[in-house]
Enquirer: 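Sharing a structure here in structure tokens format.
When a residue number appears, it is its place in the shown sequence, counting from 1. We use all heavy atoms of the structure for the numbers below, so side chains are in, but hydrogens, waters and symmetry mates are not.
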Amino acid sequence: MPLTVRATLCEIRDDLHALRKTVAARGQIETIQAIDALIGVAESEAVRAIRRIDLGA
């Protein structure tokens, strides 16, 4: 199960980065800022979740 959760978290992160690239190519600055905020939250939550998985919680 942990590998599936990790893979899902990484996929979400990667998808957000891909979305950011697409939006950046269109020059939509406000949307880029919103995506950057989402990426920050997603990465922070992913790190926390992976730590909990590693600790067996």
Side-chain angles (χ1 to χ4, degrees):
M1 180 170 163
L3 292 177
T4 302
V5 173
R6 282 179 190 229
T8 301
L9 291 170
C10 290
E11 286 176 18
I12 291 168
R13 180 202 59 213
D14 294 346
D15 289 345
L16 285 170
H17 281 285
L19 177 62
R20 187 190 190 285
K21 251 186 202 181
T22 301
V23 171
R26 295 180 184 164
Q28 299 171 334
I29 302 302
E30 289 179 12
T31 305
I32 291 171
Q33 292 170 339
I35 293 170
D36 284 344
L38 287 173
I39 289 171
V41 170
E43 288 180 341
S44 174
E45 290 300 316
V47 168
R48 290 176 48 194
I50 290 169
R51 283 186 184 148
R52 285 194 302 268
I53 290 167
D54 289 345
L55 292 173

Enquirer: Quick one: hydrophobic cluster around Val47, which other residues, with the 4.5 Å side-chain cut-off, linked directly or via members?
Expert: none

Enquirer: Taking only residues two or more places apart in sequence, or in another chain, which ones meet Arg48 in a side-chain hydrogen bond (donor to acceptor under 3.5 Å, both in side chains)?
Expert: Glu45

Enquirer: Any chain of hydrophobic side-chain contacts (each under 4.5 Å) joining Val23 to Ile12?
Expert: yes

Enquirer: Hey, what do you get for CG (Leu19) to OG1 (Thr31), rounding to the nearest 0.5 Å?
Expert: 9.0 Å

Enquirer: From Gln28 CD over to Thr22 OG1, what is the distance, rounded to the nearest 0.5 angstrom?
Expert: 10.0 Å

Enquirer: What is the distance from atom CZ of Arg20 to atom CD1 of Ile32, rounded to the nearest 0.5 Å?
Expert: 5.5 Å

Enquirer: Can you name the nearest heavy-atom pair linking Leu16 to Ile35, along with the distance?
Expert: O-CG2, 3.7 Å

